[in-house]
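Computed over heavy atoms, backbone and side chain alike; hydrogens, waters and symmetry mates excluded. Computed from a prediction, not measured in an experiment: that's the story for all the values here. Convention: sequence-line order gives letters A, B, ...; per-chain numbering from 1.
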Number of protein chains: 2
Amino acid sequence: MTVDKAALLEARGIKPSAQRVAIADYVLHTDEHPSADEVWARVKRVFPMVSRATVYNTLNLFVAKGLLRHLVLTEGRLVFDSNVDQHHHFIDEETGKIYDLPWDTLEVSRVEQLKGFEVRDYQVLVRGRKRPTRGAR
Amino acid sequence: MTVDKAALLEARGIKPSAQRVAIADYVLHTDEHPSADEVWARVKRVFPMVSRATVYNTLNLFVAKGLLRHLVLTEGRLVFDSNVDQHHHFIDEETGKIYDLPWDTLEVSRVEQLKGFEVRDYQVLVRGRKRPTRGAR
DNA sequence: TCTAATTTTAGACTATGTCTAAGAGGTGAC
DNA sequence: GTCACCTCTTAGACATAGTCTAAAATTAGA
């Protein structure tokens with residue numbers, strides 16, 4: 001897996017240093033929508049020497065290179081999403097957890113007809129409560 | 001106008017102190033989507049002694065009482081919206097400005113059919129560039 | 001007017017993110 | 001292999017946004 005990651009980074013013109021690969025190994029996989037400090041905490045488990053600045057720099061680099069998206073959906077938390085395809089989001093108001101909603105579960109009409117706005121991107125932001133799923137988590 | 005505001009606050013069970021009325025006079029009117037510090041700067045023009053804590057407390061109180069909504073749409077900025085009716089938002093990616101989109105300019109289908117989620121609220125978040133409007137601002 | 005409750009204030013504190021300067025590491029030329 | 005150069009990483013300082021606290025000021029009621 002780590003080898004794949006090095007190749008993946010190089011394909012985007014990113015030198016695959018040990019730190020960057022360790023960060024990629026976690027953040028490009030997860031659907032947890034972690035904040036930068038959560039990524040830092042996680043990566044330190046396998047790479048205790050890694051510095052906070054490196055994690056922040058690397059995450060911003062991944063965003064610039066299209067490997068990640070960053071989202072600002074809840075208070076004081078910039079969060080990273082390894083799903084770079086277009087999709088919507090659901091926010092659980094009790095837990096703060098963010099869930100991806102596949103693009104075609106919802107449909108938005110008339111976006112292209114917005115007068116006076118050049119639309120580059122859009123998503124639906126849904127808030128509420130996730131229902132407990134039998135068995136799962 | 002200030003008189004109306006005092007009555008408006010009392011109707012929501014908020015004691016209309018001079019500070020609170022001064023804050024209400026600005027923030028319940030504007031469509032600028034100001035941050036808390038922008039409200040503070042503005043209110044200080046007419047009420048130089050007002051403290052930062054009071055502005056923050058008052059804004060949070062107004063949100064709790066349903067006079068304002070707060071939005072977290074762009075990085076590091078919690079922003080207040082005097083439009084408490086359901087509506088969508090457009091964010092200009094160059095300027096960071098936020099524009100309200102009336103509820104019925106867009107239509108979202110299948111929200112109520114989301115499996116496993118109890119929906120309390122939703123909106124469409126559109127990003128792009130506002131086209132210059134002849135004459136206006 | 002006196003008392004009690006509420007509100008405001010200044011500043012300390014916390015959390016999140018950025019910047020900087022110095023050092024470490026890798027790579028190519030020789 | 002060694003040197004020089006360039007990039008990356010590091011620790012900590014800094015910046016910004018928001019919350020908390022304790023004391024002072026204000027308000028309302030008896």
Side-chain angles (χ1 to χ4, degrees), chain A residues 5-6 9-10 12-27 32-44 46-65 67-81 96 98, chain B residues 5-7 9-10 12-27 33-44 46-65 67-81 96 98:
Chain A
K5 285 293 156 29
L9 297 188
E10 286 194 309
R12 303 274 180 153
I14 301 171
K15 285 198 185 174
S17 71
Q19 288 90 335
R20 286 169 174 176
V21 171
I23 293 166
D25 264 340
Y26 167 59
V27 82
E32 292 170 351
H33 301 87
S35 69
D37 279 344
E38 284 164 357
V39 175
W40 185 35
R42 184 64 86 101
V43 171
K44 271 197 293 192
V46 298
F47 206 130
M49 297 303 301
V50 75
S51 82
R52 199 157 161 266
T54 295
V55 173
Y56 275 79
N57 288 341
T58 300
L59 291 172
N60 289 338
L61 179 65
F62 287 0
V63 170
K65 298 294 187 180
L67 290 169
L68 285 180
R69 287 189 161 205
H70 65 245
L71 308 172
V72 197
L73 301 181
T74 57
E75 204 155 330
R77 267 168 62 101
L78 178 58
V79 129
F80 295 88
D81 192 342
I98 298 168
Chain B
K5 285 293 154 30
L9 297 187
E10 286 194 308
R12 303 273 180 153
I14 302 171
K15 287 197 185 175
S17 71
Q19 289 89 336
R20 285 169 175 176
V21 171
I23 293 166
D25 263 339
Y26 167 58
V27 81
H33 301 87
S35 69
D37 279 343
E38 284 165 356
V39 174
W40 186 35
R42 184 64 86 103
V43 171
K44 272 195 293 192
V46 298
F47 206 130
M49 297 303 301
V50 74
S51 81
R52 198 157 163 265
T54 295
V55 173
Y56 275 79
N57 288 340
T58 300
L59 290 171
N60 289 337
L61 179 66
F62 286 0
V63 170
K65 297 294 186 179
L67 289 169
L68 285 179
R69 287 187 161 208
H70 64 248
L71 307 171
V72 197
L73 301 180
T74 57
E75 205 155 330
R77 267 170 61 103
L78 177 60
V79 128
F80 295 88
D81 192 342
I98 297 167

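- Summarising the geometry, atom CZ belonging to B:R20 is positioned 8.5 Å from atom OG1 belonging to B:T54; distances are rounded to the nearest 0.5 Å.
- Taking each heavy atom of A:L9 and A:A24 in turn, the nearest pair found is CD2-CB, 4.3 Å.
- The separation between B:L78 atom CG and D:dG18 atom P is 5 Å, rounded to whole Å.
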Tabulated below should be each protein N or O lying under 3.5 Å from an N or O of nucleotides 8-14 of chain C; please produce it.
residue	atom	partner	partner atom	Å
C:dT8	OP1	B:S17	OG	2.3
C:dT8	OP1	B:Q19	OE1	3.4
C:dT8	O3'	B:Q19	NE2	2.9
C:dT9	OP1	B:Q19	NE2	3.4
C:dT9	OP1	B:M49	O	3.0
C:dT9	OP2	B:S51	N	2.9
C:dT9	OP2	B:T54	OG1	2.9

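- The distance between atom CG of A:L59 and atom C1' of C:dT18, rounded to the nearest whole Å, is 14 Å.
- Between the P atom of D:dT10 and the CD1 atom of A:I23 lies a distance of 9 Å, rounded to the nearest Å.
- For the pair A:R42 and A:E32, the salt-bridge criterion is met [side-chain N within less than 4.0 Å of a carboxylate O].
- Distance CG/B:L68 to CG/B:D81: 8.0 Å, rounded to 0.5 Å.
- When every heavy atom of B:P34 is checked against every heavy atom of B:V27, the shortest pair comes out as CG-CG2, 4.2 Å.
- Note on A:Y56: every side-chain N or O is 4.0 Å or more away from OP1 and OP2 of C:dT18.
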Inset, instruction - Test salt bridge (Lys or Arg N to Asp or Glu O under 4.0 Å) on A:D25 and A:K5 and set out the steps. - result: CA-CA 7 Å; A:D25 264 340; A:K5 285 293 156 29; 3.7 Å; yes
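- Atom pair A:N60:CG and C:dG17:P shows a separation of 9 Å (rounding to whole Å applied).
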